[in-house]
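Atoms within a ligand are numbered from 1 in the order they appear, just like the ligands themselves. The first residue of the sequence shown is numbered 1, and numbering continues consecutively from there.
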Amino acid sequence: MLVRFWGTRGSLPVAPHADVALTKVVRALMIARGRSFADEAEATEFARTDLAFSTYATYGGATSCVEIEGGEDAFVVCDMGSGLREFGVGALRRCAEGHPRVYHFFLSHLHWDHIMGFPFFQPAQESGATIVIHTGHPDAEQALRRQQEAISFPAPFDALKARIEFVVHQPGQRFLAAGMQVSLIRQTHARGSFGYRFEREGKVVVYSTDAEHPPGDMDAEGAFETFFTGADLVICDTMYSLGEAVSLKQDQGHSSNVVAVDLCHAAGAKRLALFHHEPSYTDEDIERMHAETLRYEQLVRGERTKLEVVCAYDGLEVAV
Ligand SMILES: [Zn+2]
Ligand SMILES: [Zn+2]
């Protein structure tokens, strides 16, 4: 499987102001002082090896949308945040090259940042396309229709030409979709959210965003450890650092980097992707949180095998 991140920001899409780019360029120029580069390839190599990620790149600002490549004759996509628009543009190109026009979506929940990309999803306007929307919320169709009502959007849901089907699943139920074994778990969040576990050919990817793990709830903790068991990659809501999660943001329906590491360790997961970044965080803030998480993982690892911790950004691809 190949996991492709199209949107990794939580709550609200963000874009950097002009001075953010200027700061990055100035910082890079200062570090490169006295150096010369024969061509762009050499300069790119220098940027990747000698500069911090937050200097030469950005984590991006599109909201939740993650593609899992490796399904059977279909696209597999978790959530429809603003990152979905760009996924759709690429999907049309891939379909022109022969990819089947079948899309399986898995919705964590119906908050706006997780569905706002759908009105801009171009493949939904193709009469030959099939869209299957998997959800744990019986009112998912209502939510998608409502955001395209005339008061909010110029083109109604009913004008979409693709065949669109909603499939409501129960937590704990296992089902087959696009050649993958899928199961879902109910999560603590305003109006509830669902995490998904995808299995195919011995590989496991878990998508678990917008989930709070209240301290002391041992039953829930055990259920998540089971759900994450042996995962090759867990994509986890780590909107806050532990300090914030405990002191300021308790009961806001999100998780922390520390809780994510603890759950992954207990579950024997191999890799964790930090996800659903707080919209007010700068690239430097996110990078700092990633570094803190790496230190924490090392500190509490003990005899366990190392949990690899990656920090998701718009454009990241992880081979599983
Ligand atoms: Zn969210
Ligand atoms: Zn939410």
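- Residues F75 and H99 place their aromatic rings such that the two centres sit under 6.0 Å apart.
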(request) Check step by step if salt bridge (Lys or Arg N to Asp or Glu O under 4.0 Å) holds for R94 and E69. (result) CA-CA 12 Å; R94 287 148 77 186; E69 198 179 291; 3.3 Å; yes

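- Checked against the 6.0 Å centroid threshold, H277 and H290 do not count as a close aromatic pair.
- K24 has a carboxylate O that lies under 4.0 Å from a charged side-chain N of D283, or vice versa, which qualifies the two as a salt bridge.
- Considering all non-hydrogen atoms of both residues, M289 and Y281 come closest at CE-CE2, 3.8 Å.
- Checking H134 against H104 by side-chain atom types alone, a donor-acceptor pair falls below 3.5 Å.
- Protein N/O/S atoms closer than 2.8 Å to the Zn ion (ligand 2): H109 NE2, H111 ND1, H189 NE2, D210 OD2.
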